[in-house]
Structures are given as C-alpha cells and as structure tokens.
Amino acid sequence: QVQLVESGGGLVQTGDSLRLSCTASGRAFSMYGMGWFRQAPGKEREFVGSISGSGGSTSYADSVKGRFTISRENTKNAAYLQMDSLKPEDTAVYYCAVVRSFFATPGSSYAYWGQGTQVTVSS
C-alpha cells in the first residue's frame, strides 16, 4: 500500500506563491506516475496536473498552465506543486494521488490519495 501526505497549504493573497509537498511511502515510488487534484466547496474534484515516474513528462489543466509547476524528487519520495500567481479561483483542498504505472494522465486510475491540504487565496 502507498501512503501519501500533503503539506504546504495556507492562506495567501492574490498573486502570492505556495509550494505544496507530497511525501510517499512505498518501495517503488520512482515507477509511479503522480497527479495533483483540487476540490473547491460544493464542486467536483478537478484535475490540476500530473507527472511521470521519472519526472520527465508533465501535463497541466488549462486553468493552471503557465502558473503551476509539478516536480518530484524520487530520492526523497516526494513530489511538489509550485503555485505562482495565485488567484481566488485556486482556492480548494489540494490532493496528490498515485497510479501504479509510469505515466499519469487525467484519465488514469489513481489508486492512492493523500488527505489533502487547504489552499485559500484572498483577493
């Protein structure tokens, strides 16, 4: 079983930056693709972006392209979501998730999820 823990959320103002972290357990973290999702109150969970097991391939939702960057450090069993130029529309609980395959896409079956971390952006 893979266990994930997100951290780094908080309350910021429009235009600020935050870096979310996701630490994972498991023996084969570098083989797993990973995705970031978010869910605002009263709304369905939304795909934010994904990264391949090696970190060499990334994908982003249109709403965050050019502002968010996904990366990972497999030696630390960690993945990150760097969020710049934050907007109130980015307010949500952010989750990291893992698929037991090398590539992760919006349509992947994410088998493992973290508990989420709250990001609130005020105007």
Side-chain angles (χ1 to χ4, degrees):
Q1 182 180 2
V2 176
Q3 296 182 335
L4 306 171
V5 179
E6 302 97 335
S7 63
L11 174 62
V12 298
Q13 296 182 348
T14 297
D16 284 353
S17 296
L18 277 176
R19 190 192 195 197
L20 306 184
S21 298
C22 176
T23 57
S25 66
R27 296 176 294 175
F29 180 73
S30 64
M31 297 180 65
Y32 300 156
M34 203 211 74
W36 284 96
F37 296 80
R38 64 187 183 185
Q39 187 167 24
K43 298 183 179 179
E44 294 186 354
R45 189 170 58 210
E46 175 189 14
F47 173 80
V48 174
S50 63
I51 188 167
S52 62
S54 68
S57 179
T58 56
S59 180
Y60 300 94
D62 288 341
S63 59
V64 305
K65 284 182 179 178
R67 299 189 298 118
F68 290 10
T69 304
I70 297 173
S71 61
R72 65 193 298 163
E73 292 185 86
N74 289 336
T75 57
K76 298 181 179 180
N77 275 17
Y80 308 98
L81 179 65
Q82 177 67 43
M83 304 184 293
D84 298 322
S85 301
L86 283 163
K87 307 174 181 179
E89 305 94 276
D90 297 317
T91 296
V93 177
Y94 283 72
Y95 301 89
C96 63
V98 163
V99 294
R100 298 197 70 174
S101 61
F102 190 75
F103 294 102
T105 70
S108 296
S109 180
Y110 291 87
Y112 309 104
W113 296 81
Q115 85 287 354
T117 185
Q118 177 71 48
V119 173
T120 302
V121 185
S122 63
S123 60

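Below, all heavy atoms of this structure are taken into account, side chains as well, without hydrogens, waters or symmetry copies. These numbers come from a predicted model, not from an experiment.
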Rounded to the nearest 0.5 Å, what's the gap from OG1 on T120 to CG on D90? Could you check?
11.0 Å
Please determine if R100 forms a cation-pi arrangement with Y112, meaning its NZ or CZ atom is less than 6.0 Å from the six-membered ring centre and no more than 45° off the ring axis.
no
When you measure from the side chain of R72 to the backbone N and O of N77, does any donor-acceptor pair fall under 3.5 Å?
no
S30 side chain vs N74 backbone, donor-acceptor pair below 3.5 Å
no
Shared hydrophobic cluster, L81 / L18 (ILVMFWY, side-chain heavy atoms < 4.5 Å):
yes
State whether the side chain of T117 and the backbone N or O of G9 hold a donor-acceptor pair below 3.5 Å, judged by distance alone.
yes
Donor-acceptor pair, side chain of Q115 and main chain of E6, under 3.5 angstrom:
yes
When the ring planes of Y110 and F37 are compared, do they come out parallel, tilted or perpendicular, using 30° and 60° as the limits?
perpendicular
How long is the span from the CD1 atom in I51 to the OG atom in S57, to the nearest 0.5 Å?
8.5 Å
Do you know the tightest heavy-atom contact between F47 and P106?
CE2-CG, 3.4 Å
side-chain contact (heavy atoms from CB on, under 4.5 Å) between F103 and S50, intermediate numbers included:
CA-CA 8 Å; F103 294 102; S50 63; over 6 Å; no
Compare every heavy atom of A104 with every heavy atom of V99, then report the nearest pair and how far apart it is.
CG2-CB, 3.9 Å
Kindly work out whether a path of hydrophobic side-chain contacts (I/L/V/M/F/W/Y, heavy atoms less than 4.5 Å apart) joins M31 to V2.
yes
Regarding T91 and E89, is there a side-chain donor-to-acceptor distance under 3.5 Å anywhere?
no
Group every Ile, Leu, Val, Met, Phe, Trp and Tyr by side-chain heavy-atom contacts under 4.5 Å, then state whether V12 and M83 land in the same group.
yes
Could you tell me if S17 and D84 have a donor-acceptor pair between their side chains, going purely by distance under 3.5 Å?
yes
Locate the shortest heavy-atom distance separating A97 from M34; write the atom from each residue and the value.
O-CG, 2.8 Å
How far does CD of Q118 sit from CG of L20, to the nearest 0.5 angstrom?
10.5 Å
For V48 and F68, run side-chain contact (heavy atoms from CB on, under 4.5 Å): C-alpha distance rounded to whole Å, both residues' side-chain angles, the deciding distance at 0.1 Å, then the answer.
CA-CA 9 Å; V48 174; F68 290 10; 3.7 Å; yes
Using the rule that two of Ile, Leu, Val, Met, Phe, Trp, Tyr join whenever any of their side-chain heavy atoms come within less than 4.5 Å, decide whether Y95 and F29 are in one cluster.
no
Using every non-hydrogen atom in the two residues, find where R67 and S85 come nearest and quote the distance to one decimal.
NH1-O, 3.0 Å
Is NZ or CZ of R19 both nearer than 6.0 Å to the six-membered ring centre of Y80 and within 45° of the ring axis?
yes
Between R45 and Q39, is there a donor-acceptor pair closer than 3.5 Å when you use the side chain of the first and the backbone of the second?
no
Does D62 come within less than 4.0 Å of K65, counting only side-chain N to carboxylate O?
yes
Over all atoms of both residues, closest heavy-atom pair of T14 and S123
OG1-CA, 3.4 Å
Heavy-atom count around Q13 CD within 6.0 Å, excluding the residue itself: above 12?
no
